[in-house]
Amino acid sequence: MTAIRHGVDPHDGSAMGRFLDEARAGRIEYDDAVLDHIAARDAHGDSGLSERAVVQLPVSLPAETELATVAEHAPAVVQLRALVDWVGDGRALTATGNLKLADARELVTLLGTSDIIDPLIGDRVFRTKSSTELPGLSHLVELAKEIRLIRVVKNRLVRVAKAAPLLRDGLALWTTGFDALPALDILIGPALWVAEHTRMLDSILDDVLPDILNTVYGLPEPIPVIRLTESVWMACTEAFGLDDLDPADATRWRKGVGADLWRLLSVLAEFGAVELTVGQPDPMYLVDLDPTWELEPGEPASLPPEAMERLRAALDPGVGPVDLVSLTPLTTRAVRARLLREGRYAPMVGELSEAEAAPLLGMITEHYSPETAEAEIAGWLAAHGGRERGLRQLLDGVRSCPFRTRAAAMLDVLAQNVPDQSTFLQGLRADEPLGPIATQMLVQEGEITPDELGPEEGLRAMTEQFIHLLELGGADAVTGALAELPAG
């Protein structure tokens with residue numbers, strides 16, 4: 001923009017070159033802050049154009065008091081508190097700033113970290129020579145430093161006095177520790193040699209880990225780990241341009257990234273952030289793998305064809321149980337808080353109890369699963385005078401909707417959450433605004449046939465169909481459909 005104001009065409013390479021020379025020489029005034037912002041944005045590959053974020057599924061959470069109780073007994077909270085207590089008035093470190101080996105041995109036993117001291121391999125015992133060879137303990141100490149529970153002063157590990165309130169609040173302590181995890185070298189640790197694929201994944205973990213958590217967040221059933229593996233591999237491929245790897249190297253690197261991801265999930269499981277199980281995947285994770293699955297016009301494929309083939313093979317029902325992962329309630333709460341801080345919409349079951357009837361049903365129609373819809377509607381009815389009175393208000397909300405396709409979706413979600421759907425819809429057949437929709441739904445469910453409809457009801461039901469076609473396809477679609485009917 002500065003070049004344009006000086007009469008320089010940005011598409012003229014030589015003219016822009018001369019302009020930049022003038023700017024570097026200080027003969028062109030420009031805003032340093034704006035330039036720094038643009039440079040930083042481009043360095044991170046952000047063009048400045050944002051895409052609409054994926055809508056998150058609604059979640060159900062236990063009461064805060066219940067979550068607080070869970071947090072009090074979470075392994076990470078117990079370990080962090082025990083570590084701070086052990087530090088006491090201070091612990092001397094080695095000349096290189098590490099825990100003394102004797103202290104490290106004591107802590108591994110005290111804290112119950114996943115480290116193995118002096119492992120037996122074959123017939124030989126490999127002696128642990130430094131505390132840096134204990135990654136579980138090292139990560140816990142680094143986490144305590146990161147969230148300012150302890151710090152190093154004059155080569156001594158000491159407690160931070162201001163952290164006392166945080167240490168007393170188990171839920172806040174767990175959440176603070178969880179939020180700090182991406183800042184740690186979870187995958188690399190203190191090892192002298194680390195595989196290239198591990199360094200690659202660790203370098204983009206700040207972006208990948210939130211994406212993994214966002215993917216699992218709100219899912220009604222545990223997701224197969226292999227699906228996350230393919231997504232993480234695709235992220236690595238895009239970030240580092242690995243498309244040119246020969247097939248053998250690509251396979252080796254992909255398997256390495258898969259092993260790294262499993263190690264990451266294991267660390268999260270030890271922290272109390274995820275649950276790792278083994279079982280048959282829910283059918284919902286197989287639907288888009290069907291070769292006959294059709295994408296919407298303009299919708300890109302979620303994964304490359306070769307990844308789809310690998311997933312079909314790995315998740316074939318005949319293969320047997322697979323590794324599954326889900327978030328714990330503590331993590332669901334923490335991820336939701338982060339999404340809200342980022343300005344994302346992250347609905348929670350129960351927060352619509354004071355909403356108006358029409359917006360309530362509209363939100364449930366667009367965003368809620370059958371399970372969360374049932375819970376949200378039940379809570380709303382309880383807050384609005386009980387089932388009978390509340391249903392009347394909800395039906396008035398459907399009647400007020402000016403778009404018939406949306407009204408049909410709202411009535412459908414309401415009908416799915418009454419004790420007797422057939423009786424409910426039958427009772428609406430004589431309702432002037434809702435009758436045609438209810439009749440359509442009964443026909444679609446096989447409860448009645450078109451031949452059972454009287455002339456007036458049949459005509460209204462047919463008219464309802466044409467209104468839906470008008471809203472979805474426009475006037476031309478209705479004209480075309482009418483033209484195919486017999487003239488009579």
Side-chain angles (χ1 to χ4, degrees), residues 54-60 178 181-182 186-187 197-198 200-201 204-205 207-239 242 250-295 299-332 334-336 339 369-372:
V54 176
V55 175
Q56 294 293 342
L57 295 172
V59 296
S60 297
F178 173 79
L181 287 179
I186 299 176
L187 294 176
H197 56 74
T198 305
M200 174 181 67
L201 180 56
I204 59 173
L205 201 57
D207 296 322
V208 170
L209 181 53
D211 283 346
I212 292 172
L213 297 171
N214 290 355
T215 300
V216 187
Y217 175 87
L219 293 178
E221 298 294 337
I223 183 174
V225 174
I226 185 65
R227 293 211 62 140
L228 297 178
T229 301
E230 291 293 350
S231 297
V232 171
W233 171 244
M234 188 166 69
C236 291
T237 300
E238 292 175 354
L242 304 180
T251 298
R252 178 171 57 83
W253 278 60
R254 177 171 49 78
K255 289 182 177 180
V257 167
D260 293 332
L261 174 61
W262 179 257
R263 190 151 51 89
L264 173 63
L265 294 176
S266 298
V267 171
L268 294 176
E270 291 176 7
F271 194 86
V274 303
E275 292 182 1
L276 295 174
T277 54
V278 176
Q280 291 290 351
D282 190 273
M284 64 182 288
Y285 299 116
L286 307 177
V287 173
D288 64 332
L289 301 180
D290 189 330
T292 63
W293 175 266
E294 293 186 6
L295 298 172
E299 178 187 0
S302 58
L303 289 168
E306 61 273 15
M308 301 288 278
E309 287 295 332
R310 289 193 294 267
L311 287 174
R312 290 189 191 102
L315 299 178
D316 187 293
V319 172
V322 297
D323 293 318
L324 306 170
V325 62
S326 58
L327 301 187
T328 63
L330 287 174
T331 307
T332 299
V335 172
R336 181 172 183 269
L339 291 170
S369 68
E371 295 79 14
T372 53

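- In this structure, P222 and V325 have side chains that are not in contact, with every pair of non-hydrogen atoms separated by 4.5 Å or more.
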*For T198 and R263, run side-chain contact (heavy atoms from CB on, under 4.5 Å): C-alpha distance rounded to whole Å, both residues' side-chain angles, the deciding distance at 0.1 Å, then the answer.*
CA-CA 10 Å; T198 305; R263 190 151 51 89; 3.6 Å; yes

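- The side-chain heavy atoms of P224 and D323, taken from C-beta on, include no pair separated by under 4.5 Å.
- Taking both residues in full, the closest heavy atoms of P321 and Q280 are given as N-NE2, 3.8 Å, listed atom of the first, atom of the second, then distance.
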*asked:* The test is salt bridge (charged side-chain N to carboxylate O under 4.0 Å, His left out); show your working for R227 and D288 and say whether it passes.
replied: CA-CA 12 Å; R227 293 211 62 140; D288 64 332; 3.0 Å; yes

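- The side-chain heavy atoms of L261 and W233, taken from C-beta on, include no pair separated by under 4.5 Å.
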*Does the side-chain contact (heavy atoms from CB on, under 4.5 Å) test come out yes or no for I223 and L228, once each step is laid out?*
CA-CA 8 Å; I223 183 174; L228 297 178; 4.2 Å; yes

*Let me see the working for S326 and V274 under side-chain contact (heavy atoms from CB on, under 4.5 Å), right down to the final yes or no.*
CA-CA 6 Å; S326 58; V274 303; over 6 Å; no

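- Side-chain contact check for L311 versus I226: some heavy-atom pair is nearer than 4.5 Å.
- Annotation: side chain of T215 is not in contact with side chain of S231 (no heavy-atom distance under 4.5 Å).
- Here the closest non-hydrogen pair linking P281 and V322 is CD-CG2, 3.9 Å.
- The CD atom of E221 sits 7.5 Å away from the CE atom of M284 when rounded to the nearest 0.5 Å.
- Note: W253 and H197 have perpendicular aromatic rings, judged against thresholds of 30 and 60 degrees for the angle between ring planes.
- With contacts defined as side-chain heavy-atom distances shorter than 4.5 Å, the pair P210/L213 does not qualify.
- Contact annotation: the side chain of V59 approaches that of Y217 to within less than 4.5 Å [non-hydrogen atoms, C-beta and beyond].
- Heavy atoms only, all atoms of each residue included: S60 and T372 are closest at OG-CG2, 4.3 Å.
- With a 4.5 Å cut-off on side-chain heavy atoms, V216 and T331 do not count as touching.
- The two residues L276 and A269 have their closest heavy-atom pair at CD1-CB, 4.1 Å.
- Between C236 and L201, the closest heavy-atom pair is SG-CD1, 4.1 Å.
- Closest approach of G258 to T229, counting heavy atoms only: CA-CG2, 3.7 Å.
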